[in-house]
Amino acid sequence: MSTRALLAASIALAGFILGVVAYFVLAAPWGFPPDSVAHSNPRVPFAPAIFVAGVMMVFIAAIVYELWPGNGDHT
Amino acid sequence: MPKYAMTIDLARCMGCRACMVACKVENNTPEEQFWMYVFRLEEGEFPDTRLTFLPRPCQHCDNAPCVKVCPVGARYKREDGIVLTDFQRCIGCRYCEVACPYGVNYFHWKSPKKGQYLNWNKDAEVKERGNGETPPWHNPDHDRRYGEERRLTAGAVHYKGVMGKCTFCVHRVEKGLEPACVANCPVRVFEFGDLEDPESTVSRKLRESNRFRLLEDVGTEPRVFYLNGQPPTSEHRQLDAVKGGKKG
Amino acid sequence: MSIQARTLRDTGVGRWGPLSVAAGAALLAIVAVGIAAYSQQLIHGEVVTGLRDWGTQGGSPWGLYIAFVVYFIGVSFAGISIAALVRLLRIEALQPITRMAELLTIVSLVLGAFSVLADLGQPLRGITNLFRYARPQSPFFGTFSLVMAGYLFASLVYFYLAGRRDAYLLAQEPSRLQWFYRWWAAGYRDTPAQRARHERTSFLLAIAILPLLVTAHSTLGLVFGLMGGRPGWFSALQAPGFVVLAGVSGLGHIAVMAALVRWLLPSTREQIRPATFRLLGIFLMVLGMIYLYFTLIEVLTAGYAAHEREQELVALLLWGTYAPYFWAGTVGLGAAVTIGLVQGLRGSWNIGAVVAMGILVNIAAIAKRLIIVTPSLTHGSLLPYGHGVYIPTWVEVAIIVGLMSLGALAILAFSKLFPIVPLESEHAS
């Protein structure tokens with residue numbers, strides 16, 4: 001696997017994991033019924049921003065993959 | 001931790017709407033907003049008609065749809081069961097209002113100060129009513145923060161573009177007082193108290209009377225219990241609907 | 001076709017003819033009216049709109065703004081679905097419209113975000129507090145995070161990467177925007193290795209964005225479908241219905257846009273061929289049929305033996321207050337499907353007819369969005385409040401029309417910066 005592919009794959013994976021973790025562990029917990037104040041606050045401040053960043057990272061990987069310099073850029 | 005609940009004895013209610021007025025005075029709700037509302041309902045065809053009354057505060061549901069849908073956690077349920085709005089966090093999307101089947105939410109379409117019945121910007125007019133002084137335009141207790149989280153939750157006086165609704169008069173409850181509607185009812189329709197305490201009036205009344213909760217089949221688990229009456233049906237029509245006009 | 005054959009001149013880039021200037025100025029004027037309307041709303045609050053609380057105020061707390069949030073986000077369906085069709089199924093005839101479809105997606109998503117802001121009582125808090133406190137339990141979470149962040153960002157990435165080749169070609173010629181093309185190309189030289197790499201990423205991106213597309217439009221449907229206390233909304237059909245109607249309005253939009261580009265830029269006529277419109281027409285027809293089927297099932301379920309409030313709402317749609325909207329929507333879709341069927345049977349697809357289908361389905365989609373949002377709020381009360389009314393004010397209308405003009409202006413401006421039709425087929429050479 002090339003550095004480029006490895007890098008892109010790891011960024012995408014990291015972004016995905018970040019998104020999943022932020023959604024299930026860092027953001028406000030689900031509640032059925034939502035009978036406590038705990039359901040209204042994220043467990044870590046700015047957890048939704050972290051989730052969004054994770055989703056974005058997955059797609060940033062594509063840019064990294066294409067723009068990473070080297071190998072075949074010049075003919 | 002107490003578990004607050006309210007009982008409404010429909011056999012006692014005579015539809016005087018003193019609770020609506022008490023709520024307005026206590027919470028300084030702007031024009032056209034009724035955190036407490038009393039349905040005056042008619043049923044049957046003339047001459048065989050029957051009148052019933054149904055007070056409608058916020059139901060402070062245990063499975064509150066408004067709390068579930070709030071995108072930012074501004075609408076939340078305290079451990080003691082009171083459902084409140086954090087006026088400093090609310091973004092004004094009105095999703096809670098749309099999700100609530102009881103129609104208890106009132107949005108501040110304009111600045112709450114502008115919406116008052118008396119225009120505080122016209123000083124002379126206010127002074128005349130205030131015996132030569134300009135009284136504060138709202139209850140200062142609303143500016144204090146309540147509960148463990150110290151959130152701004154009391155009264156209807158804070159910002160335009162946020163949602164408001166009945167708070168069970170959280171600023172009075174925190175002082176050990178009853179909500180304004182309960183305290184001001186001339187015939188003691190309402191009781192407010194702790195469900196955890198088997199000796200409280202609400203617990204005793206719930207044991208002794210027939211009871212129902214509004215729209216039980218929607219699964220919201222209200223903390224407001226109606227005693228000695230029947231839930232409204234589609235046969236009921238409003239006698240004198242209090243409608244807000246379209247005026248600005 | 002060689003690169004030289006279609007230079008900057010033929011693509012319309014950098015050329016502001018009298019028509020473009022007039023159109024731009026008119027759009028700008030409408031946007032200005034929209035901004036004036038919005039400033040009224042900011043100063044006085046949403047009292048200047050026709051929105052009011054449901055219940056004792058007898059109004060509807062959601063109206064035109066939310067209907068157009070749904071509509072704009074629906075239109076965004078076009079871009080990625082066309083890109084995915086091209087990438088995954090190798091449909092070459094759609095290749096020339098991929099860029100304008102992607103552009104439409106990005107623009108309409110931004111317009112959707114603006115409509116949300118127009119609806120919020122505290123728009124500034126909307127921007128900060130959503131990033132700070134947003135709760136996954138709220139159906140809005142998906143709209144905010146997946147649609148606005150994920151879907152929009154993914155489309156931007158796709159758009160950027162797919163445009164690098166053209167940017168490289170444009171950077172070869174001297175022009176005032178050469179620096180911009182160089183920046184966009186970012187080292188792209190169209191070598192076989194780079195081309196292969198781009199093939200791989202765009203394929204993977206298309207696969208990754210497709211589930212996002214379904215999720216995004218579904219979450220928007222769930223905003224309504226999950227509300228157990230609202231007759232007319234609470235339905236498992238909402239989410240899939242939103243996905244299908246999004247497809248209908250998005251593809252309809254792109255058909256109109258493609259015809260417009262083809263008409264205004266004669267150099268693109270060789271690329272955007274009748275075959276392109278035939279495909280769009282077929283997709284429109286099929287999706288339109290699916291949506292008509294959904295409508296039938298919805299009306300049947302709510303009208304047959306449901307809760308009496310559901311039945312009342314169906315009556316309201318079929319012959320009550322909201323009947324004009326319902327029938328505009330249903331007949332519009334039906335007419336579009338019929339036009340499609342006739343052309344399909346004749347075996348020849350006329351560009352004008354497909355454009356007519358596109359316009360019809362969009363009118364239908366707007367009507368349909370309006371009757372998704374308001375009837376349940378004005379007439380869906382489970383308590384005896386009585387009925388409400390909702391009539392939008394000029395402020396709401398001006399803001400929505402202003403947003404549409406803003407979108408059109410953005411597309412017009414972009415077409416002057418960059419060829420709106422890819423310079424040549426990426427697979428030719």
Side-chain angles (χ1 to χ4, degrees), chain A residues 1-2 4-5 7-9 11-13 15-16 18-75, chain C residues 80 127-138 140-142 144-165 168 183-209 211-212 215-216:
Chain A
M1 215 175 180
S2 63
R4 166 198 307 279
L7 192 69
I11 291 177
L13 190 68
F16 184 76
L18 197 63
V20 170
V21 169
Y23 190 95
F24 290 104
V25 185
L26 309 183
W30 290 52
F32 292 105
D35 51 0
S36 151
V37 194
H39 302 300
S40 74
N41 285 318
R43 279 164 281 193
V44 169
F46 290 96
I50 299 174
F51 175 78
V52 166
V55 175
M56 285 183 169
M57 266 172 76
V58 173
F59 294 100
I60 285 175
I63 295 185
V64 170
Y65 181 76
E66 284 212 32
L67 263 62
W68 194 254
N71 195 9
D73 281 355
H74 303 273
T75 38
Chain C
I80 207 59
I127 296 166
T128 56
N129 285 10
L130 281 171
F131 285 104
R132 208 160 158 195
Y133 300 114
R135 305 168 60 243
Q137 194 175 2
S138 169
F140 255 5
F141 186 83
F144 145 70
S145 64
L146 290 177
V147 177
M148 297 311 169
Y151 195 21
L152 177 57
F153 187 74
S155 300
L156 279 171
V157 167
Y158 193 97
F159 188 70
Y160 168 72
L161 291 178
R164 279 174 81 210
R165 183 193 144 87
Y168 159 70
W183 170 82
W184 189 330
Y188 192 82
R189 283 190 175 72
D190 210 18
T191 64
Q194 284 177 323
R195 221 175 296 159
R197 223 177 274 143
H198 178 61
E199 279 294 296
R200 270 198 297 277
T201 32
S202 50
F203 183 83
L204 280 174
L205 268 179
I207 288 184
I209 300 178
L212 204 56
T215 323

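All chains are named by letter (A, B, ...) in the order of the sequence lines, taking the proteins before the strands, and each is independently numbered beginning at 1. The basis for the numbers below is simple: all heavy atoms, side chains too, and nothing from hydrogens, waters or symmetry mates.
- The most heavy-atom pairs under 4.5 Å with chain C, out of A:A62, A:A12, A:G19, A:P29, come from A:A62.
- Using a 4.5 Å cut-off between heavy atoms, A:I60 touches chain C through backbone and side chain atoms alike.
- Using a 4.5 Å cut-off between heavy atoms, C:F153 touches chain A through its side chain atoms alone.
- Between C:Y160 and C:W183, the angle of the ring planes lies from 30° to 60°, which puts this pair in the tilted group.
- If you measure heavy-atom distances from C:L212 to chain A, the contacts under 4.5 Å come from the side chain alone.
- Between chain C and the options A:G31, A:A47, A:P45, the largest number of non-hydrogen pairs under 4.5 Å is found for A:G31.
- No side-chain N or O of A:H39 forms a donor-acceptor pair with one of C:Q137 less than 3.5 Å apart.
- Taking the six-membered ring where tryptophan is involved, the planes of A:Y23 and A:W30 are tilted, since the angle between them lies from 30° to 60°.
- Salt-bridge check for A:E66 with A:R4: failed, with every basic side-chain N at 4.0 Å or more from each acidic carboxylate O.
- The closest donor-acceptor contact from the side chain of C:R132 to the backbone of A:F46 lies at 3.5 Å or more, if one exists at all.
- Contact detail for A:R43 and A:V25: the closest heavy-atom pair is NE-O, 3.0 Å.
- Of all the listed residues (A:V52, A:I50, A:V58), the one sharing the greatest number of non-hydrogen pairs under 4.5 Å with chain C is A:V52.
- When heavy atoms are compared at a cutoff of 4.5 Å, C:F141 approaches chain A solely by way of its side chain, counted from C-beta outward.
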